[in-house]
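These notes concern the structure reproduced below.
What you are looking at is a predicted structure, and each value in this text was computed from that prediction instead of being measured. Here is how names work: the chains are called A, B, and so on, in the same order as the sequence lines, proteins then strands, and each is numbered from 1.
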Number of protein chains: 2
Amino acid sequence: MSTELQTQLLDSKGLKKTPIRRELVSLFLQNSNALSFHDIQDGMSSKLDKSTLYRNLTSFEEAGLIHKINDHSGIAKFALGQQDLSDDHAHFVCDNCETVSCMEGSVSIDVKVDDKVHVKQIQTIVHGICGNCNS
Amino acid sequence: MSTELQTQLLDSKGLKKTPIRRELVSLFLQNSNALSFHDIQDGMSSKLDKSTLYRNLTSFEEAGLIHKINDHSGIAKFALGQQDLSDDHAHFVCDNCETVSCMEGSVSIDVKVDDKVHVKQIQTIVHGICGNCNS
DNA sequence: ATTTTAAACGCGACTGAGTTGCATCTGTAA
DNA sequence: TTACAGATGCAACTCAGTCGCGTTTAAAAT
Ligand SMILES: [Mn+2]
Ligand SMILES: [Mn+2]
Ligand SMILES: [Zn+2]
Ligand SMILES: [Zn+2]
């Protein structure tokens, strides 16, 4: 019985543990930044079919193991953890090196909202220059 | 000499006034919600080539006549006015009828940011149910 | 250990948004 | 009226993501 973290994570979400999925989870664990599809494809030890990867990303997302981030580049990014309705953490995009990362803390808005309007979730992208690029 | 609003708007931005552009500006003036490419294509009196429309939208955006909105649906929306670095107005997306509209007021975030990180712009999408759908 | 089966995988074809090259047309200013 | 930069239309293209389907495999049942 393995106690490796990827195994535990897959188990805890009820996901079947295939070699691809184990490596995929490892890849996420090794990276603090969000990963694009191509980051993922290039980060795996062998070249995998894109359908397989996309389907695994969808399964992981549905299981709440990862969440998808839309950084306004038109290319989806993925990161560990989930972002449910009550979690409105923001995402930081470095306009220089284009890395995307999850931010801690929550976002509050100061906007007029009509009585009848019901706000459910706030999704925020913070653009700027990351610490790494500011050196 | 015409004093129609579309003419004035195109003139003020130094844009050439073609029949398509006049009608395109009229369409934006008639709609308070943001428009998708297909909203626009369907809203014009004759079926226009998509390259022409996309190029006009790009020109309008570069001239500051409209701004592009990414509502996380993967389909761009466009609305009158500009959104420069100092203007961080949010956008509202109705999860029921899928209309997108500009919100007044500004967004403030309460997130830890490392010293070296330089924040330039904040883009916020507010999800919920619009007043129209809440009746 | 062997069988069974639902789910994962790989391949190829497809979709849909948006872009680009190029020939033709037109708004505008000389 | 002419000249020409820029607008239009068409076709071909790119690129992210999806889907159908035949094959393989993880994991559970025997
Ligand atoms: Mn995140
Ligand atoms: Mn807006
Ligand atoms: Zn950076
Ligand atoms: Zn609505």
Side-chain N or O of A:Arg55 less than 4.0 angstrom from OP1 or OP2 on D:dT18? no
Relative to the 5' end of DNA chain C, which residue comes earlier, A:Lys16 or B:Asp11, by the nucleotide with the nearest heavy atom? A:Lys16
Straight-line distance of B:Phe28 CZ to B:Glu23 CD, nearest 0.5 Å: 12.0 Å
Which sits closer to the 5' end of DNA chain D, A:His38 or A:Ser51, going by the nucleotide each is nearest to? A:His38
Looking at B:Asn56, does any N or O in its side chain come under 4.0 Å of the phosphate oxygens OP1/OP2 on D:dT8? yes
Distance criterion of 3.5 Å, no angle test: do you see the side chain of A:Lys50 paired donor-to-acceptor with the base of D:dG17? yes
Expressed in angstrom and rounded to an integer, what is the separation of B:Leu57 atom CG from C:dT19 atom P? 10 Å
In whole angstroms, the gap separating P of C:dC14 from CG of A:Asp49 amounts to 17 Å
Any idea which of D:dT8, D:dG17, D:dG9 is nearest the A:Phe37 side chain? D:dG17
Has A:Asn31 got a side-chain atom pairing as donor or acceptor with A:Asn33's backbone, closer than 3.5 angstrom? no
Assess, by modelled atom type and distance only, whether the side chains of A:His127 and B:Gln123 contain a donor and an acceptor separated by less than 3.5 Å. yes
With respect to the side chain of A:Ile75, which nucleotide from C:dT20, D:dG9, D:dA16 is positioned closest? D:dA16
Touch class at under 4.0 angstrom, heavy-atom based, for A:Thr18 against every strand present: sugar-phosphate
For the residue pair A:His67 / A:Glu61, report whether a side-chain donor-acceptor contact shorter than 3.5 Å exists. no
From CG of A:Leu15 across to P of C:dA8 the rounded distance in Å is 8 Å
B:Leu35 CG to C:dA17 P: how many Å, rounded? 15 Å
Report yes if at least one side-chain N or O of B:Tyr54 is closer than 4.0 Å to OP1 or OP2 of C:dG18; otherwise report no. yes
A:Gln41 CD to C:dC11 C1', in whole Å, measures 14 Å
What is the separation between atom CD on B:Gln6 and atom P on C:dG27, rounded to the nearest whole Å? 15 Å
Side-chain N or O of A:Lys17 less than 4.0 angstrom from OP1 or OP2 on D:dA27? yes
Do you see a donor-acceptor pair shorter than 3.5 Å between the side chains of A:Ser36 and A:Asp39? yes
Here the distance between atom P of D:dA16 and atom CG of A:Leu53, to the nearest Å, is 14 Å
Distance, rounded to the nearest Å, where B:Glu23 contributes CD and D:dT8 contributes C1': 15 Å
